[in-house]
Amino acid sequence: MQYKGVALKRTLTIDRLYSVHYFEFSKTYTFTGEAHDFWELVYVDKGEVLATADQADIALSSGEMLFHCPNEWHNLRANGTIAPNVMIISFRCVSPEMAAFKSKRFKVGASQRELLSRILSESRVVFASPLDDPYDSDLTRRREVPTGGEQFIELYLTELLLSLLRQMEQPIAADHRIGNHPLLDDIVLYMQQHIGEKLTLEQLARHFHISRSHIKSLFTQYKQMGAMHFFIRMKITQAKTYLRESDYNISQIADLLGYDNVHYFCNQFKKSENMSPREYRRSVKALDDKTRAWISATDKNGR
C-alpha cells in the first residue's frame, strides 16, 4: 500500500512575538496610549480597566479580553477604585482570518485561561526580560531554555486564537474542557467570604459535611495544591489588593486577613512574592511614578 501525505492547512501563522506582560497595576494607573503595526491582546485577570480603541472607550471586567489591531491607537487605565491585574500579549500575524479580531471583546473560558497561564509560565522560562515592566519593549532570550520553549508559546497562542475563532462560530457552546467541580467552587467561595479568619481543613470538612480527604482530592485535582496552601495564596492575593488600593499599614492588613503576628504574615508574603509587603507597595508606587514621568516627558516632547 502506498501512502500519500496530506499537507496540513494553517489557519493562522504567528511569526513574531513582541511582548508578554503581566501587570499588577495600582487603582490609579493610566497609560497615555500608543499605536504599533502588530496585534495586541489585553486580558483582565482581576479587577476592571477602561481601554480605548481609536475613539471608543471600552470597560473590561475580570475574565474579559480585547484585541487591538495593527496601527490602532489604544490606551489603558484603571478605574480609580479597583486595582487590576492585566495580561498583555503583542504579536504579528498577517493571516486574513485575523480580521475577525478587530476591536473584538471576548469572555474568556476556563480552557482559554489555562492557555494564557501556560503562555505566561513558558515566557518566564524562555525570556529574561521583566514581564511586569510596561516600558520594557524588548524580549531578551535566556541563555539556556528548555527544548521548544518559544514554539510552545507560539502553539499556545495559536490554540488560544483558534479557540476564539471557533467561539465566534459557535457562540453558545460552553467551555467544558478545563473547569472546576461545583463543590470546589462552593468551597473557594466560602474561603473568600472568610478570608479574614483562620480556617482549617477540619472546619471546611464539618461545614460541607465531607471528609478531609475529599477536600484534599478536589484541590489536588483542580488546583494542583493543597486546600490550606490555596487559602494562603488567596490571603496573599487579597493582601496585594489592599497594598495597591488602600492606605492600610502592614499591621492593619495582617489583622484584616486574620494574622495574629505581623512578622509571620510578612514572612508568608515574602515567601510567595519574593519581596516584602512594603517592597511590593513601593514597587507599585514606583511604576506609577515612572508612568507619570513618561507622560510628562511625552507631553513636553509633544509641545
Side-chain angles (χ1 to χ4, degrees), residues 19-34 39-69 72-90 101-117 119-120 131-135 160 164 167 171 175 179-180 185 188-189 191-193 195-196 233-248 253 256-257 273 277 280-281 283-292 294-295:
S19 69
V20 178
H21 283 135
Y22 189 91
F23 304 121
E24 297 179 352
F25 291 133
S26 73
K27 64 181 181 180
T28 59
Y29 176 81
T30 183
F31 180 64
T32 54
E34 63 180 359
W39 285 90
E40 180 176 303
L41 71 82
V42 178
Y43 170 66
V44 182
D45 191 24
K46 296 175 184 175
E48 299 174 357
V49 298
L50 189 63
T52 301
D54 282 336
Q55 301 301 317
D57 286 337
I58 303 167
L60 295 176
S61 299
S62 176
E64 291 188 316
M65 178 185 293
L66 177 69
F67 282 81
H68 297 297
C69 66
E72 176 182 83
W73 186 88
H74 55 277
N75 74 1
L76 188 70
R77 54 202 183 276
N79 63 8
T81 304
I82 302 173
N85 289 19
V86 180
M87 184 173 180
I88 296 177
I89 305 173
S90 56
F101 291 98
K102 178 177 170 58
S103 300
K104 188 72 175 179
R105 179 167 60 177
F106 296 90
K107 186 67 176 178
V108 173
S111 65
Q112 293 154 346
R113 289 195 300 272
E114 176 67 18
L115 288 168
L116 287 165
S117 177
I119 292 169
L120 185 61
L131 304 187
D132 58 353
D133 185 350
Y135 302 99
L160 173 66
L164 292 171
Q167 184 173 307
D175 183 354
N180 282 342
D185 290 338
V188 171
L189 178 60
M191 286 176 164
Q192 186 62 56
Q193 292 169 339
I195 195 74
R233 289 276 299 272
M234 290 179 70
K235 285 178 179 285
I236 299 303
T237 298
Q238 183 60 52
K240 290 161 69 177
T241 299
Y242 284 141
L243 289 165
R244 288 149 59 200
E245 292 183 358
S246 76
D247 295 323
Y248 293 134
I253 292 174
L256 285 168
L257 293 172
E273 302 302 314
Y280 178 79
R281 176 169 269 170
S283 73
V284 173
K285 183 179 183 301
L287 178 57
D288 283 349
D289 292 343
K290 190 173 183 179
T291 299
R292 282 191 288 270
W294 187 88
I295 292 171

Side-chain polar contacts of residues 61-68 - donor-acceptor pairs under 3.5 angstrom, sequence neighbours left out - could you list them?
from	atom 1	to	atom 2	distance (Å)
Ser62	OG	Asp45	O	3.0
Glu64	OE1	Ser61	N	2.8
His68	ND1	Glu72	OE1	2.8

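- For the atom pair CD1 (Ile253) and NZ (Lys240), the distance works out to 13.0 Å, reported to the nearest 0.5 Å.
- Among the candidates Glu24, Gln238, Arg281, the single residue satisfying the side-chain contact (heavy atoms from CB on, under 4.5 Å) test with Leu243 is Arg281.
- Counting heavy atoms of neighbouring residues, nucleotides and ligands inside a 6.0 Å radius, atom NZ of Lys107 exceeds 12 of them.
- Atoms OG1 and NZ, on Thr237 and Lys46 in that order, are 4.0 Å from each other to the nearest 0.5 Å.
- Put simply, CD1 on Ile195 and CE on Met234 are 4.5 Å apart, with the number rounded to the nearest 0.5 Å.
- Without hydrogens or angle criteria, Ser117 side chain to Arg113 main chain gives no donor-acceptor distance under 3.5 Å.
- Within the 4.5 Å cutoff, no side-chain heavy atoms of Asp133 are placed close to those of His21.
- Within the structure, the side chain to side chain donor-acceptor pair (under 3.5 Å) test picks out the following pairs touching residues 79-90 (sequence neighbours left out): Ser19-Ser90, Tyr22-Asn85, Glu48-Asn79, Asn85-Arg244.
- In this structure, the side chain of Arg105 engages the main chain of Ala59 through a donor-acceptor pair within 3.5 Å.
- Proximity of a side-chain donor or acceptor of His74 to a complementary backbone N or O of Glu34 within less than 3.5 Å is detected.
- Between the side chain of Glu245 and the backbone N or O of Ala83, at least one donor-acceptor pair lies under 3.5 Å.
- Here Arg233 contributes atom CZ and Met191 contributes atom CE; the two are 12.5 Å apart, rounded to the nearest 0.5 Å.
- Once rounded to the nearest 0.5 Å, the distance linking CZ of Phe25 with OG1 of Thr30 reads 10.0 Å.
- If you run side-chain contact (heavy atoms from CB on, under 4.5 Å) between Thr52 and each of Asn75, Ile58, Leu76, only Asn75 comes through.
- In this structure, the side chains of Leu41 and Leu160 come closer than 4.5 Å at one or more pairs of heavy atoms.
- The shortest heavy-atom contact between Gly47 and Ile82 is CA-CG2, 3.6 Å.
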Subject >> Derivation and outcome, side-chain contact (heavy atoms from CB on, under 4.5 Å), residues Leu287 and Asp132 >> reply: CA-CA 9 Å; Leu287 178 57; Asp132 58 353; over 6 Å; no

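- Considering OH of Tyr43 and CG of Leu116, their distance stands at 6.5 Å, rounded to 0.5 Å.
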